[in-house]
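Chain naming here is simple, since letters A, B, ... match the order of the sequence lines and numbering starts at 1 in each. Just so it is clear, the model here is predicted, and its values are computed rather than measured.
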Number of protein chains: 4
Amino acid sequence: MIVVVKPGTPEEEVQKLAAAIENQGLKIHYSQGVDHTILGLIGETQTIDVHKLRSNHIVEKVMRVQEPYKKANRAFHPDDSIIDVQGNRIGEGHVSVIAGPCSVESEEQIVEIARDVKASGAKFLRGGAFKPRTSPYSFQGMGADGLELLLLAKKETGLPIVTELMDISQLPLFDEVDVIQVGARNMQNFTMLKELGKIDKPILLKRGLSATMREFLMSAEYIMAGGNEQVILCERGIRTFENATRNTLDLSCIPLLKKKSHLPVIIDPSHATGINWMVESMSKAAIAAGADGVMIEVHNKPEEALCDGDQAITPDEFDKIMATLKKYAEFEGKVL
Amino acid sequence: MIVVVKPGTPEEEVQKLAAAIENQGLKIHYSQGVDHTILGLIGETQTIDVHKLRSNHIVEKVMRVQEPYKKANRAFHPDDSIIDVQGNRIGEGHVSVIAGPCSVESEEQIVEIARDVKASGAKFLRGGAFKPRTSPYSFQGMGADGLELLLLAKKETGLPIVTELMDISQLPLFDEVDVIQVGARNMQNFTMLKELGKIDKPILLKRGLSATMREFLMSAEYIMAGGNEQVILCERGIRTFENATRNTLDLSCIPLLKKKSHLPVIIDPSHATGINWMVESMSKAAIAAGADGVMIEVHNKPEEALCDGDQAITPDEFDKIMATLKKYAEFEGKVL
Amino acid sequence: MIVVVKPGTPEEEVQKLAAAIENQGLKIHYSQGVDHTILGLIGETQTIDVHKLRSNHIVEKVMRVQEPYKKANRAFHPDDSIIDVQGNRIGEGHVSVIAGPCSVESEEQIVEIARDVKASGAKFLRGGAFKPRTSPYSFQGMGADGLELLLLAKKETGLPIVTELMDISQLPLFDEVDVIQVGARNMQNFTMLKELGKIDKPILLKRGLSATMREFLMSAEYIMAGGNEQVILCERGIRTFENATRNTLDLSCIPLLKKKSHLPVIIDPSHATGINWMVESMSKAAIAAGADGVMIEVHNKPEEALCDGDQAITPDEFDKIMATLKKYAEFEGKVL
Amino acid sequence: MIVVVKPGTPEEEVQKLAAAIENQGLKIHYSQGVDHTILGLIGETQTIDVHKLRSNHIVEKVMRVQEPYKKANRAFHPDDSIIDVQGNRIGEGHVSVIAGPCSVESEEQIVEIARDVKASGAKFLRGGAFKPRTSPYSFQGMGADGLELLLLAKKETGLPIVTELMDISQLPLFDEVDVIQVGARNMQNFTMLKELGKIDKPILLKRGLSATMREFLMSAEYIMAGGNEQVILCERGIRTFENATRNTLDLSCIPLLKKKSHLPVIIDPSHATGINWMVESMSKAAIAAGADGVMIEVHNKPEEALCDGDQAITPDEFDKIMATLKKYAEFEGKVL
């Protein structure tokens with residue numbers, strides 16, 4: 001970490017600041033420019049509070065040299081992490097497809113879709129029981145009943161289940177859920193992240209609507225710091241000025257997150273674009289860019305979907321897309 | 001609400017869609033363009049799910065005519081809402097100043113700051129007991145102990161307390177808190193918003209980092225729909241490409257939110273800019289633009305603050321700023 | 001186009017507005033909601049000035065049903081446009097690779113790179129003679145001399161040349177240039193776009209840093225409206241809050257632009273990411289998403305490059321990437 | 001400037017890089033961290049090409065300590081710049097109001113508006129002769145004829161004229177124009193900026209739609225580096241995800257630009273918001289935040305305006321707003 005001292009600061013004040021830093025167990029290397037004194041902080045700087053340092057009246061700038069995350073950092077964990085979900089591996093060598101409806105709506109719906117997506121090659125069933133909706137007047141999900149139906153669909157098909165936890169008070173209901181999803185709007189719900197750090201279950205962490213990749217990895221770090229290192233990163237579109245798509249899918253996050261971190265990266269083209277006819281091309285692009293999986297919204301009757309029908313594809317369409325994606329995965333030397 | 005049907009859609013399919021809409025209690029007005037059939041939906045359209053409608057394969061576009069919020073909507077509530085907090089009124093005719101440190105750190109700190117800001121004219125004491133921090137390795141707040149110290153400071157000074165709730169599990173601890181703050185990162189924590197709709201206590205709702213004004217008002221609607229109409233809106237900077245300030249303070253939200261809604265609007269220049277020497281000019285600008293109050297971070301020793309010291313000002317600086325703001329408030333015909 | 005009239009507007013004022021609209025050759029269809037009168041404008045609405053209409057004091061909202069571009073619109077030109085550059089076709093069935101250095105620096109440099117990229121399969125040589133640089137103190141390009149060297153490299157290799165025009169005063173120098181590039185910062189230099197509409201030469205139009213896809217297509221329309229329909233769209237990253245990459249590459253623009261328009265779409269991963277090790281994965285993803293080509297920065301000595309060396313790859317790296325891209329193109333049924 | 005070397009780089013490579021830097025006239029100060037070697041570059045670093053440095057394969061990061069602009073930098077020019085336009089001073093102690101229509105439309109229109117705004121206290125007349133419009137089918141301005149009418153209005157009222165130059169080929173027509181405006185879309189039209197650096201006339205430089213403040217000041221530097229130091233900065237809204245206003249007015253740029261630079265800062269609330277009823281509150285806020293002036297769109301018949309009528313106010317409304325703004329200016333100790 002580098003601290004730039006304001007021009008004209010008396011030497012004794014610089015010494016006072018230096019002493020305070022050294023008290024935190026760090027060493028300092030001095031560098032004198034034409035106008036600026038520069039302090040190079042050497043040691044375990046991840047725990048240093050940049051804001052606090054910056055607030056010192058003699059400090060002009062503070063710049064990090066190292067990333068502030070540790071457990072999620074590839075520098076300290078060079079090999080790819082592989083998350084094992086009941087024998088289904090997410091990570092190197094696999095392209096994991098998670099498919100299912102936005103919301104669980106009925107037994108018939110979820111079981112039928114589960115069977116269909118399994119037949120097409122999906123390895124995980126997704127479906128929302130608790131739904132985060134912008135409007136209080138929109139359908140809020142079936143809740144606990146929806147979870148029951150998901151477990152029923154799992155029993156019928158054997159597909160592990162991925163579903164969203166909206167509040168830690170719901171956690172006791174998630175015992176038999178295979179992968180807990182943290183939604184984009186909860187990516188910085190730090191209280192929840194800490195709780196999820198205490199359990200032993202894979203977490204699919206969605207990137208916040210305006211989260212930088214560093215913040216995204218810091219949220220993963222929250223979970224990992226608690227002891228649960230089974231984190232799957234999921235990009236689902238970021239918020240930009242462009243309004244032709246619901247969000248802007250940031251595929252460049254794939255190589256970047258994989259360079260900075262060892263965690264697997266999944267792409268959700270359905271939520272990112274909000275447009276069903278874009279799912280295929282964006283899924284292909286995701287695999288080509290190195291994604292460890294895609295999450296695709298499938299609904300047997302998109303027009304009657306209780307939420308987000310405009311981004312869902314039908315089981316038939318999904319089947320065709322899967323045939324294409326399988327070829328892309330093989331082309332990348334991976335198994336779908 | 002207006003539904004644009006895709007060119008070339010057979011009449012019977014249009015009729016089918018129309019019937020489905022009419023089943024939801026709405027009337028339809030038909031309009032035939034050169035290429036497009038347009039359906040005007042007449043009635044209570046706030047409860048219509050735009051996404052669902054858009055997912056119909058014959059629908060090209062869906063456009064809202066009316067805003068999707070009701071209780072927060074000025075159209076249905078022309079007079080300004082005034083929130084009464086133990087005799088301190090937030091809303092028309094008042095410029096309410098909420099001041100205090102980012103985090104509660106010790107009895108001495110919070111009581112001293114409380115006395116100072118009260119002497120300078122602040123009407124509310126702010127201070128974080130539970131702190132949302134990007135890094136799990138940063139100071140996370142004093143928690144329940146911090147709340148105790150806030151109540152102590154309230155006892156000493158009589159200042160009502162504003163403090164952040166990070167999770168509904170903490171709610172029982174907030175009994176004596178006067179105004180519950182919902183942080184920017186929790187603006188769409190819908191489970192929490194619903195719970196806050198059930199209590200009888202003013203809620204200071206901070207705008208999410210990338211929340212549109214419509215989404216901001218929809219989150220207020222979540223709380224109000226539950227029965228708690230004491231919502232105070234707080235703009236604290238939005239996320240943009242600009243990185244010279246921590247966030248971009250959107251002062252144009254003041255006239256806009258007040259046009260669309262009857263709820264009071266407070267500005268937080270400290271978090272918005274992240275720079276203490278910008279607090280004065282942005283506070284003045286906020287009052288000039290019609291804000292109902294400002295929220296200012298004050299710390300007796302910014303350099304030793306356990307969080308966000310770089311945006312805090314000292315009690316002395318605050319005192320000078322308050323003298324200026326008082327004049328601005330009077331100039332606007334308001335009481336500070 | 002749909003015009004929503006403010007509630008409570010007297011009938012005679014609505015009639016006055018309607019008459020003014022009909023005077024512009026449009027028909028009107030009336031629709032009466034509970035609160036709002038809605039006018040559906042029927043006819044050639046592309047030439048209607050939305051801002052002007054919206055400024056009428058009885059108008060609450062104006063919403064477009066059709067896109068405001070015509071010549072660039074796929075609705076009026078269902079087949080893909082193919083741009084022929086001296087026998088090299090850009091568009092359906094081809095993945096065109098444009099490669100070369102950011103700036104032309106010397107004869108040796110540009111000729112050597114041209115030979116190398118040709119040998120690896122590039123079909124076009126890029127190189128900047130006039131360079132848009134953020135700082136007036138940075139290298140501004142070799143100017144006219146740089147153009148000479150490009151033409152020399154063309155002579156030596158036969159590769160058609162793509163290079164940027166920064167101002168219409170430079171146009172006479174571009175006679176032998178094969179494809180004129182309009183840079184992102186000039187995407188809305190309307191005077192220049194109009195001039196380029198008068199010539200008979202392909203234009204590679206780069207998307208502005210914060211241009212919506214609609215604005216991007218409107219800029220293409222500027223050129224096409226003048227008579228020059230040889231426009232190639234080039235996405236090169238948009239500006240967002242994310243700062244880990246130089247810009248955010250928006251690959252979802254590929255299916256979207258191709259749905260809305262018939263023009264070919266090229267991706268520039270070098271400028272979009274600003275990071276050389278991301279070029280390969282983003283190029284693969286671009287082809288998988290349906291791009292008609294990629295534009296890659298190649299420099300024989302990136303470390304000595306006079307501009308943007310951090311995004312350039314070496315000829316050797318380019319050669320390896322091309323081998324991979326060739327397979328991806330074939331996989332998509334295209335020729336690279 | 002600080003250069004962070006990648007961990008594990010052989011010492012001889014570090015020495016090679018250091019030698020290359022020293023060859024550019026800079027001194028280097030070494031600092032050795034646990035993993036990283038850090039080079040502090042001492043001397044005239046503004047001319048160093050950060051991108052080039054970053055492209056060196058042994059370089060991990062490059063960070064600036066000083067801002068890259070010189071002539072626009074307050075560090076080298078502590079006093080506020082005051083721009084004198086025929087006796088009208090823009091800068092410290094004045095709040096300059098520039099008013100007039102978006103476009104010049106007729107002699108009657110421009111002369112009438114000029115008289116009205118002068119009577120209300122405006123010190124400058126604005127009006128577009130060459131208009132940058134998103135659509136080629138929208139009104140493009142009256143061009144040279146419009147300039148003639150502006151000069152006529154100047155003759156009639158004595159008000160100096162501010163009008164936009166869209167291309168340097170139009171420059172000869174601008175001889176009698178008092179202040180040349182560079183539009184947001186041309187903020188990085190570097191060829192034009194260089195030409196404007198050669199003339200002796202004040203330039204009103206509008207901030208680009210997605211320009212950071214640093215880029216904005218770098219564009220000012222382009223003009224100043226050429227010798228023309230009469231630059232007025234104008235914020236007119238930036239592009240964000242928010243779509244309730246046309247752009248997001250960034251008032252925090254006022255204190256920030258004035259801290260970093262000595263140039264005067266003007267605010268354009270009309271273009272920023274695109275909504276006429278927001279002009280008053282945003283103008284007040286701008287003055288309260290320290291702006292040196294405001295630019296307000298006034299049209300005698302907004303509903304018949306040939307462009308952007310929805311953001312214009314009438315001369316009567318302007319007169320009332322001016323009375324308020326005058327008080328705000330006085331309150332700030334300034335003359336309007």
Could you walk me through whether B/E221 and A/Y137 pass the side-chain contact (heavy atoms from CB on, under 4.5 Å) check? CA-CA 9 Å; B/E221 186 81 13; A/Y137 309 120; 2.3 Å; yes
Among A/K70, A/M192, A/M187, residue most engaged with chain B (heavy-atom pairs, under 4.5 Å):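 It is A/K70.
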Between A/A225, A/S138, A/G183, A/S135, the one whose heavy-atom pairs under 4.5 Å with chain B are most numerous: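 The option with the most such pairs is A/S135.
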Under the side chain to side chain contact (heavy atoms under 4.5 Å, CB included) test, which residues partner [X], sequence neighbours left out?
{"X": "A/N247", "result": "A/L209, A/R236"}
{"X": "A/Q170", "result": "A/F130, A/L165, A/M166, A/D167, A/F174, B/T191"}
{"X": "A/Q140", "result": "A/R133, B/K194, B/Y222"}

Closest heavy-atom pair and its distance - B/T134, A/Q188: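 Taking every non-hydrogen atom into account, CG2-NE2, 4.2 Å.
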Check A/R239 against B/A211 and note the closest heavy-atom contact, atom names and distance.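 Between these two residues, the closest heavy atoms are NH1-CA, 4.1 Å.
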Is there side-chain contact between A/M218 and B/P136, with at least one heavy-atom pair below 4.5 Å?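 In contact.
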Which members of residues 13-25 of chain A, sorted by number, sit under 4.5 angstrom from chain B on a heavy-atom basis?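 So no residue qualifies.
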Proximal component of B/P68, with respect to chain A [non-hydrogen, under 4.5 Å]: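 It is the backbone, since no side chain atom gets that close.
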Interchain contact, A/N56 with chain B, by part (heavy-atom threshold 4.5 Å):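 Contact with chain B is through both the backbone and side chain of A/N56.
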Does the pair B/N189 and A/R185 meet the rule for a side-chain contact (heavy atoms from CB on, under 4.5 Å), with working shown? CA-CA 7 Å; B/N189 183 333; A/R185 288 168 186 77; over 6 Å; no
Interatomic spacing from OG in B/S169 to CD in A/E195 - rounded to 0.5 Å: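 B/S169 atom OG to A/E195 atom CD measures 7.5 Å (nearest 0.5 Å).
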B/K260 atom NZ, neighbour heavy-atom count above 12 within 6.0 Å: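 No, because the 6.0 Å sphere around NZ of B/K260 holds 12 heavy atoms or fewer from other groups.
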